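Here the structure is a predicted model, which means the values were calculated and not measured. Protein chains get the first letters and strands the later ones, always in sequence-line order, with residue 1 at the start of each.
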Number of protein chains: 2
Amino acid sequence: MAIAKLPTPSTPAGRLHEATLHSILGYQLAQASIVTNALYTKHTAQVFDLRPAEYTLLTLVVENPGGSMARLAKALAVSAPNITAWVDRLEKRELVVREKSESDKRTQMLRATAKGIKLASQATAKILEMEKQALKGLSALEQYTLLELLHKVGSLRATI
Amino acid sequence: MAIAKLPTPSTPAGRLHEATLHSILGYQLAQASIVTNALYTKHTAQVFDLRPAEYTLLTLVVENPGGSMARLAKALAVSAPNITAWVDRLEKRELVVREKSESDKRTQMLRATAKGIKLASQATAKILEMEKQALKGLSALEQYTLLELLHKVGSLRATI
DNA sequence: TATTGTTATACTCTATAACTATA
DNA sequence: TATAGTTATAGAGTATAACAATA
């Protein structure tokens, strides 16, 4: 199947032509991220005092109790010192704790505290509600399809 | 229509569970961006000596000759000093030029030089080729759908 | 008064290098 | 030798504040 002709080539905000950039996935991801970042900053960041990276890290720890910091670094494609700094902050706020592993004493196993689990849960509820509201212009099928296709692109990481 | 059950909730790289994050658009955008950023860094950044922001800015100037810096700032959702710095770099490399507007003497109109137009064109060809190669696992319809849905999300910027 | 653009400055995020402890 | 994690440090990228010129 041939790729169909692409529609109106103009940026959402600036009314600039973007015929070329329209077909570039990286650019469209960046533009869409402007929207989700703005939503997050406006309605979630202050309320829960969680920056995007903190929220993501906390949620991954909640869902993966006992996971190591090295695994988090790989999952988020950031450096190890980076993870250390973020975990430091979450630990100071008593949202997660480090536990020495018995089997491999180099490893730090991470667990979320009850406080951390509660905060992550509340933040998630807020984000989902917020995105649901903002994405009303997309049908449920479109929203589902978008998430699945993005997940598929994310999965390509192993191949590059 | 109800949203269908979501499939395997694991991160592409780290094999971490992410049941919650799977439904969060902001997270999936970030994960997909890891892939496109890696592709760009690996195959385009060095070859053309253009960082992502520089490529985007240059391309927008190529496609919008005479546009102002204020419009670029809006289109990319960054601050004015930021745009000044990026344009400075592109101008030093003789890829774009600033021109004083006659009608509004506060405004700087931007134009790409022949050199800038050529470089942008070459970089675009490379990026498209690279993304095509990397996205082979997605059908043409899926790729088209993804770009359209992302554009639709980007267009929501006006509404938030 | 408001807007365009610049300069000065500081903050956030991330990375590399060097190190310790362990495997 | 290689890996997990930390510390120190530097580099991107971005933002706010203050300013000049113009509308």
Side-chain angles (χ1 to χ4, degrees), chain A residues 13-14 16 26 30 33-34 37-38 40-42 45-46 49-58 61 64 66-92 96-111, chain B residues 13-16 26 30-31 33-34 37-38 40-42 45-46 49-58 61 64 66-92 96-111:
Chain A
L16 294 176
S33 297
I34 291 172
N37 289 339
Y40 185 87
T41 301
K42 199 170 173 186
Q46 311 98 323
D49 191 21
L50 283 175
R51 283 173 256 193
E54 289 174 327
Y55 166 75
T56 303
L57 203 58
L58 178 58
V61 173
N64 299 274
S68 72
M69 302 176 71
R71 275 171 65 185
L72 287 174
K74 276 180 197 159
L76 301 173
V78 295
S79 65
N82 214 331
I83 296 291
T84 296
W86 287 115
V87 171
D88 282 349
R89 294 200 216 189
L90 294 180
E91 197 168 31
K92 263 175 203 148
V96 305
V97 291
R98 285 169 163 99
E99 290 175 6
K100 287 264 179 201
S101 166
E102 288 300 316
S103 53
D104 184 340
K105 289 183 180 169
R106 296 171 303 182
T107 304
Q108 301 271 29
M109 301 192 306
L110 300 176
R111 292 189 194 282
Chain B
R15 304 287 172 78
L16 293 177
Q31 287 289 312
S33 297
I34 292 173
N37 289 341
Y40 184 87
T41 301
K42 198 170 173 185
Q46 312 96 323
D49 191 23
L50 283 175
R51 284 173 257 194
E54 290 174 328
Y55 166 74
T56 302
L57 203 58
L58 178 57
V61 173
N64 298 273
S68 72
M69 302 176 72
R71 275 172 65 185
L72 287 174
K74 276 180 197 161
L76 300 173
V78 294
S79 64
N82 214 331
I83 296 291
T84 296
W86 288 116
V87 171
D88 282 349
R89 293 200 218 187
L90 295 179
E91 197 170 31
K92 263 175 202 148
V96 305
V97 291
R98 285 170 163 98
E99 289 175 4
K100 288 266 178 198
S101 166
E102 288 300 317
S103 52
D104 184 339
K105 288 182 180 169
R106 295 171 304 180
T107 303
Q108 299 271 32
M109 300 191 307
L110 299 176
R111 292 189 194 284

Task: side-chain contact (heavy atoms from CB on, under 4.5 Å) partner of A/Leu72, the single match among A/Val61, A/Val78, A/Asn82 - done: A/Val61
- [ ] Would you indicate which nucleotide in D/dA8, C/dT6, D/dA15 comes nearest to any side-chain atom of B/Ala80?
- [x] C/dT6
Shorter than 3.5 Å, N or O on both sides, protein versus nucleotides 10-13 of chain C: list them out with atom names.
residue: C/dC13; atom: OP2; partner: A/Arg51; partner atom: NH1; Å: 2.6

TODO: Quickly work out the B/Lys100 NZ to C/dG5 P distance and round it to whole Å.
DONE: 9 Å
Open item on the list: Among D/dT7, D/dA15, D/dG5, which nucleotide has an atom closest to any side-chain atom of A/Met69?
Closed with: D/dG5
Open item on the list: It should be established whether B/Thr84 places a side-chain nitrogen or oxygen under 4.0 Å from OP1 or OP2 of nucleotide C/dT6.
Closed with: yes
Open item on the list: Using heavy-atom distances to pick each residue's nearest nucleotide on DNA chain C, tell me which of B/Ile83 and A/Ala77 is more 5'.
Closed with: B/Ile83
TODO: Write down the distance between CG (A/Asp88) and P (D/dG5), rounded to a whole number of angstrom.
DONE: 13 Å
- [ ] Could you tell me the separation between the CG atom of B/Leu110 and the CG atom of B/Leu90, rounded to the nearest 0.5 Å?
- [x] 9.0 Å
Task: For atom CD of B/Glu99 and atom P of C/dT4, their distance in whole Å - done: 19 Å
TODO: Quick one: list whatever passes side chain to side chain contact (heavy atoms under 4.5 Å, CB included) with A/Ala70, sequence neighbours left out.
DONE: A/Ser68
TODO: Report the distance from atom CG of B/Asn37 to atom P of C/dT14, rounded to the nearest whole Å.
DONE: 12 Å
- [ ] For A/Thr84, check side-chain hydrogen bond (donor to acceptor under 3.5 Å, both in side chains) against everything at least two apart and list the hits.
- [x] none
Task: Separation of D/dT6 P from A/Leu72 CG (nearest whole Å) - done: 11 Å
TODO: Could I get the full list of salt bridge (Lys or Arg N to Asp or Glu O under 4.0 Å) partners for A/Arg89, not counting sequence neighbours?
DONE: none
Task: Euclidean distance, atom CD of residue B/Glu54 to atom P of D/dG13 [Å, nearest integer] - done: 7 Å
Task: 5′-ward residue of the pair A/Met109/B/Ser79 relative to DNA chain D - done: A/Met109
Open item on the list: Working to the nearest 0.5 angstrom, can you tell me the gap between B/Asn64 CG and B/Arg111 CZ?
Closed with: 11.0 Å
Between the protein and nucleotides 20-23 of chain D, are there any N/O to N/O pairs under 3.5 Å, and if so, what are the atom names and distances?
residue: D/dA23; atom: OP1; partner: B/Lys105; partner atom: N; Å: 2.9

Open item on the list: Base, sugar-phosphate or nothing for A/Thr107? Non-hydrogen atoms, less than 4.0 Å.
Closed with: sugar-phosphate
- [ ] Starting at atom CG of A/Leu110, determine the distance to atom C1' of D/dT6, rounded to an integer number of angstrom.
- [x] 14 Å
Open item on the list: A/Asn37: which residues meet the side-chain hydrogen bond (donor to acceptor under 3.5 Å, both in side chains) condition with it, sequence neighbours left out?
Closed with: none
TODO: For B/Asp88, enumerate each residue passing the side-chain hydrogen bond (donor to acceptor under 3.5 Å, both in side chains) test, keeping only those at least two apart in sequence or located in another chain.
DONE: B/Arg98
Open item on the list: If the condition is side-chain hydrogen bond (donor to acceptor under 3.5 Å, both in side chains), which residues does B/Asp49 pass it with, not counting sequence neighbours?
Closed with: none
Open item on the list: Can you list everything that forms a side chain to side chain contact (heavy atoms under 4.5 Å, CB included) with B/Ala30? Sequence neighbours excluded, please.
Closed with: none
- [ ] Using the closest heavy atom to pick a nucleotide of DNA chain C for each, name whichever of B/Ser68 or A/Ala85 lands nearer the 5' end.
- [x] B/Ser68
TODO: Report yes if a side-chain nitrogen or oxygen of B/Arg71 is closer than 4.0 Å to either non-bridging phosphate oxygen (OP1 or OP2) of C/dG5; otherwise report no.
DONE: no
